[in-house]
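What follows is one structure encoded as structure tokens, with my remarks underneath.
Note on naming: letters A, B, ... go to the chains in the order of the sequence lines (proteins, then strands), and numbering restarts at 1 for each one.
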Amino acid sequence: MNSFFKEHFDHTTLWTTLALIVIGLLSIYSATFDMQAGRSFDHQLVWTAIGLVLMIVALATPLRLIQRSAYIVYALSLALLIIVLAIGKKVYGSTSWFGIGGFGIQPSEFVKVTTLLALASYLSRSDVSIGKTTDILKACGFVLLPVALIMLQPDLGTSLTFIAMLLPVLYWAGASQFLIVALLTPPIIAVAALIGTTTFVVVLALVGVALYLLREDMFSSSLMFGVNAVVGIFVQVVYEKLALYQQKRISTFLNPNNDPLGAGYNVIQAKVAIGSGGLFGKGYLHGTQTQLNFIPKQWTDFIFCVPGEEFGFIGAIVILTLFAILFLHGVKLAHVAKNKFGSITALGITALFAFHMFVNIGMSVGLMPVIGIPLPFLSYGGSSLCSFMILAGLLMNVYANRKEY
Amino acid sequence: MVTEEFGSSKRRTIITLVVWLGFIVVVGRLYQLQYIYSAEYGKKSEENSIRKIVEEPVRGYVYDRNDKLIVDNRPSYSVMLTPIDFNKKNLPFLSQILGLPEEAILEKIKRARQYNPFMPARIKRDIDFRTLSILEEYKEQLPGVKIQTESKRYYASPASASHLLGYVKEISDYQLERLGDYYQQGDVVGSVGIEAKYEKYLRGQKGYEFISQNARGQMIGTFNNGKDDIPPHDGLDLHLAVDAGVQALAESLMTDRCGAVVAVDPNNGGVIAMVSAPEYNLSDFSGVTPPELWKALNDDDSKPLFNRATLTRYPPGSTFKMVLAIAALENHVVNENYRIVCRGSFKFGNKVFRDEHVHGSVNIIEAIQKSCNVFFYQLMLKVGLDPWAAVGKEFGFGELSDIDILEENPGLLPTTDYFNRVYGKGKWTQGYLVSLGIGQGEIGVTPLQMADYCAMLANKGHHYQPHIVDYIYNNRTHKTETVAYKKDSIHVSERTWDIVREGMRRCVMSPGGTGWEARIPGIEVAGKTGTAQNPHGKAHAWFIGFAPFDHPKIAICVLVENAGYGGSFAAPIAGLCMEKYLYGEIIQPQPARNTPVSLKDTAITPRVTLVQKAVQPGSSIQTQKIVKTSPESLRH
């Protein structure tokens, strides 16, 4: 029995996940215990219990069954997205919620899971070749469909997470490095062009170097370089044509410091909170920024500020270490899993975790624009917590079956 | 395209490197923030945190049609408490000063703490000067308690106009949820009348001041020298069509009565006066409304909070006869030469419908003049329900008038469909119609609809949307913003207008007319009385009228509940109000109406008797005195 447990039970994922959830609950409690939102903590506890059940279900369901039913579940989840567009609740400007009693459900969080499974199921089919352009386009289609629906809500941050999952998965499945560069560089160039002409030129040069290093044929490389150059120039021309307030919105998005009382307010307060935490923090429930509620709704997207302020650099390192263990474990699992579906799923899960974590913490420390996506396992929000816990359960499932073909 | 092996070790290495790179960047940044610059950020969090403080705008003023200020603002003082700074040991002391129970204060502190323990919250609004001076004296002993100067409504005019103006009160949780982001706990919001309807214009726009605050929530100065502050924009001013003088007079005439007066300008639909009696005192709502007062107002049998001018639904009685007359003439059922002989009652089936008098031979003009019921009983059966209802609908009955206050009732104008729905097809008879011919039975109108209808009789069918607000003055741009109101007209032949209006003129001006008590010296008045039978007590007295007859400037409706004859109880009030409007004062000798007469025993003494009394020897001094008395002072 003991050896069976050792062999098939994924302790690493379970304990890192649970540790992160506990830290999240403590942080939510600290941020809200003194306010009207004090019930957030109780809600999150309920969600954690629900999440644990879902996690066990994800772990216990046979992997084959998951693989086979992936398309149907995917289709059902898309139907849910369409329904939410039609009858959903509007919260913070986007229609992405179902209200059931006092609890809101955000289907787009769960669609992340179903899309990943459908994509993994497709790519692991023996008749699908990653070298074929049509198959790659089909794979992209699996992701672009929900992205389009979510953009209609509109919810930019969640849409980006789908793209962030697609690229590593394609890469892992064996797509050429050139393809990855081709998909990755235009958005980077576009952002660089928005920041300024100098940045644009420097990044374009870097793309040139990367293309040279890939040693692709001359035609493809120069085509790619041309496309990037055109994208950058196009973005700059469009930007110039925009109304002043639109330009301001974009520049504030890229650099919140430009608008210290508006969009930049949260970021500046978040940086002050984390920075003032120092090496050891101000002590639990003693963070002045947290307790003074300087950061509006910080228990959702800016939750990292709470441990950052109250437990300082040490606390932040503990959290980052837990995440690092989880990610490296996920990548390793993807590598050792014999089953192609399981392998792709494990990598996709890791990519989702990592993207959410880096963007969310990057946003709190002022390295990233403010994109409202949650910090896995820590942020307040039932749908995101549950979907992350399902993903953790799936990861454990892959671990248990890693030696099966 | 060249593809590599799925899940190769090389790719695993690259992905692992990317993850590591990400961690290095994040940890580097955290090291920078939390170690290198930690002291700087620590200082910032200690000293330089920005807070938004709301600056309240001044609510817009309200003026009458002669630019007389009727709703003003006065300073008021609120007690604010910052939960984090307040010492609970001081609770009994504070409770004693404010005269509030300790539990009530605790409850407010609890709610404020939930919202934000560092923000001052209002504990008591509109404290008196005694409390203010005591608090000032003990300021040092009461940390966390401070006084905030605000403004509250002050009613500058003798006209109280309570139902028309409406009041502002502290926003309820329900409103807070419904009205959106602009409001927050403790804000006041217009709740009734034009204060509610024009809330968006009157409230203005809040301003924000940014201040720097330290970690203990104490203010340490302005942020960025106040350069980022957003100043508040004061509310816009409303200019009403209302004449405060006429309004005040009408209110005084309705003292101790239940009922309503609505006067409109037949040339544009502007509401000159709108009274619902009994009234309530708006000043009671401008600061804090004691719960006992609320309860008393709500429990009062005379329903003072209910706007009778727009919400009551009574049968209009004989004032509705012109609708039937127009329906008959326009459908060529009868003409002006048609006569009947009135013998004082009308038998239909086995039911007898009574009349007040035996009128003998009457035509349509005389039937309006003398209010002959028998004539209209018969006419109703000739015209039929639906043609009659069609004309009633054209005059706006059974529908909302869309006046610019939210409290309104559409009333009831029955049709064949209505009776079929209520009683079932074939289960009602023509007998139901007979009383409708004289405005009794299953019909309900509001005084506002009656005034509107009277205005259309006055201006021969032009229908203007009745409105209280004439225009809005923007004190920031110094521009007036006119409000667009609907208008249309109904098609009735000139001949019909002449006949019906002549009947109304004679009703007031000719001997034998029932409305003679509405006469005004030197001006021709037209009108119609109504006495609506009421199973629960005395009849409701109605009068509608307009003047001058040739170029009407005012159309009025008066309703006095449970009073008796419309000619005796409603017509005199209408006459005085029109006189006040047209002459600017009451030029006839008037009785001193300062002693409220009890509704049960006394009616308004007929005018002629008063005039006769006035010329009696010995009473001349008193008469002189009364003539000089301005109508505004009649209230006191």
Please find the pair of heavy atoms, one from [X] and one from [Y], that lie closest to each other, and give the distance.
{"X": "Ala316(A)", "Y": "Gln34(B)", "answer": "CB-OE1, 4.0 Å"}
{"X": "Gly278(A)", "Y": "Ser38(B)", "answer": "CA-OG, 3.5 Å"}
{"X": "Ser8(B)", "Y": "His335(A)", "answer": "C-CE1, 3.9 Å"}
{"X": "Phe358(A)", "Y": "Val19(B)", "answer": "CZ-O, 3.7 Å"}

Just checking, Lys340(A) and Phe6(B): is the charged tip under 6.0 Å from the six-membered ring centre and within 45° of the axis? yes
For residues 313-332 of chain A, pull every pair meeting side chain to side chain donor-acceptor pair (under 3.5 Å), keeping only residues two or more places apart or in separate chains. Asp10(A)-His329(A), Thr13(A)-His329(A)
What part of [X] gets closer than 4.5 Å to chain B, counting heavy atoms only: side chain, backbone, both or neither?
{"X": "Tyr171(A)", "result": "both"}
{"X": "Ala324(A)", "result": "both"}
{"X": "Phe304(A)", "result": "side chain"}

Please determine whether the number of non-hydrogen atoms from other residues, nucleotides or ligands lying under 6.0 Å from atom [atom1] of [X] exceeds 12.
{"X": "Trp20(B)", "atom1": "CH2", "answer": "no"}
{"X": "Lys88(B)", "atom1": "NZ", "answer": "no"}
{"X": "Tyr201(B)", "atom1": "OH", "answer": "no"}

So which of [options] has the biggest tally of heavy-atom pairs under 4.5 Å with chain B?
{"options": "Ile317(A), Ile274(A), Val331(A)", "result": "Ile274(A)"}
{"options": "Asp217(A), Leu123(A), Ile361(A), Leu328(A)", "result": "Leu328(A)"}
{"options": "Ala337(A), Ala354(A), Gly312(A), Ser364(A)", "result": "Gly312(A)"}

Are [X] and [Y] side-chain neighbours, meaning at least one heavy-atom pair lies under 4.5 Å?
{"X": "Arg29(B)", "Y": "Lys271(A)", "answer": "yes"}
{"X": "Glu309(A)", "Y": "Tyr41(B)", "answer": "no"}
{"X": "Ile15(B)", "Y": "Leu347(A)", "answer": "yes"}

Atom pair CD1/CD1 of Ile14(B) and Ile180(A) - distance to nearest 0.5 Å: 10.5 Å
Here the gap from Leu367(A) atom CG to Leu30(B) atom CG, rounded to the nearest 0.5 Å, amounts to 8.5 Å
Apply ring pair (Phe, Tyr, Trp, His ring centres under 6.0 Å) to Tyr35(B) and list each qualifying residue two or more places apart in sequence or on a separate chain. Tyr31(B)
Stepwise, does the ring-ring contact (aromatic ring centres under 6.0 Å, His included) test hold for Phe323(A) with Phe23(B)? CA-CA 10 Å; Phe323(A) 274 118; Phe23(B) 276 111; 7.8 Å; no
